[in-house]
> 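Pasting a structure below so you can have a look.
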Amino acid sequence: MDKKTLCDLELNGKKVLVRVDYNVPMDAEGNITDDTRMTASLDTLHYLLEQGAAVILMAHLGRPKGEVNKKYSLEPVAAHLSKLLDMPVAFAHDCIGAEAEKMAAALKPGEVLMLENLRFHKEEEKNDLGFAEKLALLADCYVNDGFGVSHRAHASVEGVTHFLPAAAGFLLEKEIKFIGRAVTNPLHPYAAIIGGAKVSDKIGVIENLLDKVDVLLIGGGMANTFLAAQGYKMGKSLVEEDKLDLARSLLEKAAKNNVKMLLPVDLVMASAFAADADTKIERVDSLTQDYMALDIGPESRLQYEAALQGAKMIVWNGPMGVFEMDAFAHGTEAVAEAVAKSKAISIVGGGDSVAAIEKTGLASKISHISTGGGASLEYLEGKVLPGIAALDDLRRKMVAGNWKMYKTVGEAVELAEAIVEETNGTLNEVVIFTPFTALETVADAIDGKHVGYGAQDLFWEDEGAYTGAVSGKMIADICAEYVIVGHSERRTLFGDNEVAVAKKLRAAYRNGLKPVLCVGENAEERAEGKTSRKISMQLQSALKGITAEEAESMVVAYEPLWAIGSGNAATAADAQEVAVLIRSKIEKIFSEEVARKVRILYGGSVTEKNAADFVQGEIDGVLVGGASLKPESFSAIVRSV
């Protein structure tokens with residue numbers, strides 16, 4: 001993931017403010033009846049304590065509507081957590097104010113403090129920054145481990161990140177890893193199972209999934225609306241009459257996208273919405289009209305089970321019927337068994353789906369069971385979750401300008417100073433690669449400013465009889481930080497082959513320079529489907545002998561040679577596909593930890609109009625050519641990403 005996690009923080013001796021989702025069910029006596037959400041956070045808490053942190057927990061319980069209500073106090077939750085951790089958990093009777101501040105200040109490494117219900121203050125749900133700052137004053141850094149609240153822009157979720165270094169806990173990291181992959185980089189064949197009462201509840205999810213999945217199974221009450229849209233008479237079944245046109249449009253989209261969208265072919269019909277109602281199993285073209293559909297039928301179950309065979313990724317959200325009643329739980333249970341038997345990466349979310357998995361004793365056979373109901377739905381819709389977006393980026397965005405063989409010394413200084421002025425205030429890293437003749441003069445002019453500088457190329461030897469060559473030693477002597485290695489023009493016009501690029505890369509590291517390694521395929525290679533092979537070969541060759549520690553400081557720039565100057569513009573999807581490949585290859589060569597730290601740039605005819613489209617997902621910035629020669633254009637790109 002591209003956000004900082006616990007492992008990226010220095011925790012020893014620090015006070016850490018942790019947002020957890022402890023909105024747990026309780027009986028009339030205040031006993032917790034299901035502590036799943038609490039146990040899910042224990043890995044994060046144990047790690048923090050082991051690393052020498054003092055832990056300050058904040059959460060909400062119920063809906064007190066901004067007023068103190070003892071019914072919703074977190075004091076019983078703190079007592080239960082003490083049992084789970086097998087250690088004392090101190091409790092502050094407010095989440096801000098003198099008592100909370102005093103207890104937080106006295107908290108020692110290895111100790112835990114829980115704050116009172118955040119929602120006793122109306123400012124929490126309003127994301128009041130004054131309230132958020134008071135929370136932030138209690139600690140040195142912030143960890144979000146509450147995926148179930150991360151779709152809310154509340155003070156304890158989004159607001160505090162304005163005042164503290166912010167990272168994801170292990171639970172949140174796992175949710176992002178699994179559900180995020182299902183959204184951005186799924187394995188195929190990819191199957192989704194969507195159930196529940198209403199189409200209207202999951203319009204966004206279905207819309208988004210139809211652009212990604214190979215198979216979509218529909219169950220629950222929403223299946224009735226789709227069947228009615230196809231002309232079937234559904235009797236007393238729940239049908240959203242005002243959503244029939246929407247259902248038809250979704251069916252059309254599935255057909256257009258070649259998605260195999262399955263609806264029930266038979267249903268369990270009931271005389272009433274009751275556990276003891278009279279039932280019939282009927283095909284959808286001959287339903288008893290004074291009965292209602294409450295589950296998918298046995299033939300539908302078999303078809304759904306068959307459709308899941310061979311899938312490499314499965315996402316399931318929502319029951320196939322009225323799961324709460326045993327008579328109508330068979331469809332949901334059958335799907336649960338089919339998902340568990342599958343060898344696919346399986347992700348299950350939604351209360352009833354999770355309950356079905358747990359009831360059948362199959363939880364251990366599921367790759368990931370999501371703890372977030374509304375959050376997981378919004379994530380599957382492709383929405384940006386405020387609680388995740390607000391965390392610190394692991395990889396700082398970068399905008400690099402390659403001036404190539406343009407600008408005299410005087411012109412270069414003038415342009416560099418203009419860029420410094422125009423980009424002032426940006427949080428992005430800005431680096432300019434000037435001609436070598438101007439590099440030292442530009443360095444003197446902008447040294448100490450927020451704009452960095454580097455060289456466009458280097459020779460692989462540090463010194464010797466190499467007429468016209470520039471060594472890494474010379475570049476480092478100017479105090480440049482970066483150097484471009486393997487640029488497409490060096491490869492195509494000057495004959496830099498893989499051996500030369502590898503030697504130059506090692507020379508860069510030897511002299512303390514951070515390389516911007518360029519890779520890319522030409523039109524012929526792309527047409528022949530050799531993109532993956534070519535880029536993998538370039539990376540494998542260049543990185544041979546490079547250590548993991550060295551690789552972490554590297555930047556990789558993807559240059560689609562087939563698109564540059566050809567009139568065949570690369571799309572953001574094209575670039576993203578290759579960026580995923582690059583990061584995957586780096587992970588195979590080194591490790592996941594190294595791969596998540598390496599920045600990837602896109603470098604193909606970047607302008608102020610298209611730059612922002614490319615900087616998303618696995619792409620962390622852009623390598624700009626011609627547009628970097630005009631300060632107004634280059635600064636517009638810097639601001640846009």
> Report the residues that fulfil ring-ring contact (aromatic ring centres under 6.0 Å, His included) with Tyr406, sequence neighbours left out, ordered by chain and then residue number.
none
> Short question: side chain of Asn610, backbone of Ser605 - any donor-acceptor pair under 3.5 Å?
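Yes, the answer is positive, given that a donor and an acceptor are paired below the 3.5 Å cut-off.
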> Any side-chain heavy atom of Val578 within less than 4.5 Å of one from Pro560?
no
> Pairing donors with acceptors under 3.5 angstrom, does anything connect the side chains of His368 and Ser346?
no
> Are Ser370 and Glu175 linked by a side-chain donor-acceptor pair shorter than 3.5 Å?
yes
> Any chance NZ of Lys630 has more than 12 other-residue heavy atoms, nucleotides or ligands included, within less than 6.0 Å?
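No.
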> Between Glu10 and Lys14, does any NZ, NE, NH1 or NH2 come within less than 4.0 Å of an OD or OE carboxylate oxygen?
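The answer is no: the pair does not qualify as a salt bridge.
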> Is a salt bridge present between Glu463 and Lys473, judged by a nitrogen-to-oxygen distance below 4.0 Å?
yes
> Tell me whether Arg395 is salt-bridged to Asp620, with the criterion being a basic N under 4.0 Å from an acidic carboxylate O.
yes
> Does atom CD of Glu577 have more than 12 heavy-atom neighbours from other groups under 6.0 Å away?
no
> Would you say that more than 12 heavy atoms from the other residues, nucleotides or ligands in this model lie under 6.0 Å from the CD of Glu632, or not?
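More than 12 heavy atoms, drawn from other residues, nucleotides or ligands, come within 6.0 Å of this atom.
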> Where the side chain of Tyr602 meets the backbone of Gly604, is there a donor-acceptor pair that is under 3.5 Å apart?
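Yes; judged by distance alone, with no hydrogens or angles, the pair exists.
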> Side chains of Val18 and Tyr142: closer than 4.5 Å at any heavy-atom pair?
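Side chain of Val18 against side chain of Tyr142, heavy atoms only: no contact under 4.5 Å found.
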> Donor-acceptor pair, Asn511 side chain versus Leu513 backbone, under 3.5 Å?
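Side chain of Asn511 to backbone of Leu513, a donor-acceptor pair under 3.5 Å: no, none is there.
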> For Leu427, look at atom CG and say whether over 12 heavy atoms of other residues, nucleotides or ligands are found less than 6.0 Å away.
no
> For Asn208 and Leu380, indicate whether the former's side chain and the latter's backbone hold a donor-acceptor pair under 3.5 Å.
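Yes, because the side chain of Asn208 sits within donor-acceptor range (under 3.5 Å) of the backbone of Leu380.
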> Do the rings of Phe170 and Tyr47 sit parallel, tilted or perpendicular, given the 30° and 60° boundaries?
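Rings of Phe170 and Tyr47: perpendicular, as their planes differ by over 60°.
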> Answer yes if the side chains of Ser471 and Asp462 hold a donor-acceptor pair under 3.5 Å, and no otherwise.
no
> Tell me whether the centres of the aromatic rings in Tyr453 and Phe433 are closer together than 6.0 Å.
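No - the distance between ring centres of Tyr453 and Phe433 does not fall below the 6.0 Å cut-off.
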> Hey, is Arg596 close enough to Asp8 for a salt bridge, meaning N to O under 4.0 Å?
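A salt bridge links Arg596 with Asp8.
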> Out of Glu521, Glu498, Glu559, which residue meets the salt bridge (Lys or Arg N to Asp or Glu O under 4.0 Å) rule with Arg491?
Glu498
> Using only heavy-atom distances, determine whether the side chains of Thr371 and Asp21 contain a donor-acceptor pair under 3.5 Å.
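Their side chains do not contain a donor-acceptor pair, so the 3.5 Å distance test is not met.
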> Take a 6.0 Å sphere around CZ of Arg533 and say whether it holds more than 12 heavy atoms from other residues, nucleotides or ligands.
no
> We want to know whether Gln456 and Lys404 form a side-chain donor-acceptor pair, criterion being a heavy-atom distance below 3.5 angstrom.
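No, because no side-chain N or O of Gln456 sits under 3.5 Å from a partner of the opposite role on Lys404.
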> Find the distance between CG (Asp393) and NZ (Lys4) and round it off to the nearest 0.5 Å.
9.0 Å
> Would you indicate whether the side-chain heavy atoms of Ile600 and Arg583 approach each other to under 4.5 Å?
yes
> If you draw the axis of the six-membered ring of Phe494, does the NZ or CZ of Arg490 fall within 45° of it and under 6.0 Å from the ring centre?
yes
> Quick one: do Thr423 and His450 satisfy side-chain hydrogen bond (donor to acceptor under 3.5 Å, both in side chains)? Show the steps, please.
CA-CA 9 Å; Thr423 61; His450 68 278; 2.7 Å; yes
> Judged by atom type as modelled, is there a donor-acceptor pair below 3.5 Å linking the side chain of Tyr190 to the main-chain atoms of Ile314?
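Here the side-chain-to-backbone pair does not exist.
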> I need the Asp447 CG to Cys479 SG distance, nearest 0.5 Å.
6.5 Å
> Under 3.5 Å, side chain of Lys514 to main-chain N/O of Val555, donor-acceptor pair present?
no
> Is there a donor-acceptor pair under 3.5 Å between the side chain of Glu111 and the backbone N or O of Lys108?
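Yes.
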> Less than 4.0 angstrom from a charged side-chain N to a carboxylate O is my criterion; do Arg599 and Glu618 meet it?
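Answer for the salt bridge query: no.
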> Is there side-chain contact between Leu517 and Leu539, with at least one heavy-atom pair below 4.5 Å?
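A side-chain contact under 4.5 Å exists here.
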> Working to the nearest 0.5 Å, report the span between OG of Ser150 and CD1 of Ile176.
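Going from the OG atom of Ser150 to the CD1 atom of Ile176 covers 7.5 Å.
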> Decide if atom CD of Glu552 counts as having more than 12 heavy atoms of other residues, nucleotides or ligands within a radius under 6.0 Å.
yes
> Would you compute the distance between atom CG of Leu171 and atom CG of Leu45 and round it to the nearest 0.5 angstrom?
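Leu171 atom CG to Leu45 atom CG measures 10.0 Å (nearest 0.5 Å).
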> Using a distance-only test with no angle check, is there a side-chain donor-acceptor pair under 3.5 angstrom linking Thr441 and Asp444?
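Judged by distance alone, the side chains do not pair up.
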> Side-chain contact test, heavy atoms from C-beta onward, threshold under 4.5 Å: evaluate it for Ile589 versus Gln540 and give yes or no.
yes
> Which distance, rounded to the nearest 0.5 Å, do you find between the CD of Glu587 and the CD of Glu592?
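So the CD of Glu587 and the CD of Glu592 are separated by 5.0 Å.
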> Step by step, work out the side-chain hydrogen bond (donor to acceptor under 3.5 Å, both in side chains) result for Glu549 and Tyr509.
CA-CA 11 Å; Glu549 184 179 2; Tyr509 283 120; over 6 Å; no
> Can a donor-acceptor pair be found between the side chains of Glu158 and Asn127 at a distance below 3.5 Å?
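A pair is found: one side chain offers a donor N or O, the other an acceptor, under 3.5 Å apart.
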> Is any side-chain heavy atom of Asp392 closer than 4.5 Å to one of Pro165?
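The answer is yes; the side chains approach within 4.5 Å.
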> Taking 4.0 angstrom as the limit, do Asp574 and Arg526 come out as a salt bridge?
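Salt bridge between Asp574 and Arg526, a charged N being under 4.0 Å from a carboxylate O: yes.
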> With distance as the sole test, does Glu417 use its side chain to make a donor-acceptor pair with the main-chain N or O of Glu414 at under 3.5 Å?
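No, the answer is negative, given that no donor and acceptor are paired below the 3.5 Å cut-off.
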> I want to check something: taking the side chain as every heavy atom from C-beta on, are Trp460 and Leu505 in contact at a cut-off of under 4.5 Å?
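Side chain of Trp460 against side chain of Leu505, heavy atoms only: no contact under 4.5 Å found.
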> Within the side chain of His487, is there an N or O that forms a donor-acceptor pair under 3.5 Å with the backbone of Glu489?
yes
> Could you tell me whether the side chain of Lys585 reaches within less than 4.5 Å of the side chain of Leu543, counting heavy atoms only?
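No; the side chains remain at least 4.5 Å from each other.
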> For the pair Glu173 and Lys3, find out whether any cationic side-chain nitrogen is under 4.0 Å from an anionic carboxylate oxygen.
no
> Can you confirm whether the side chains of Ser640 and Glu608 place a donor and an acceptor under 3.5 Å from each other?
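Glu608 and Ser640 do not have a side-chain donor-acceptor pair below 3.5 Å.
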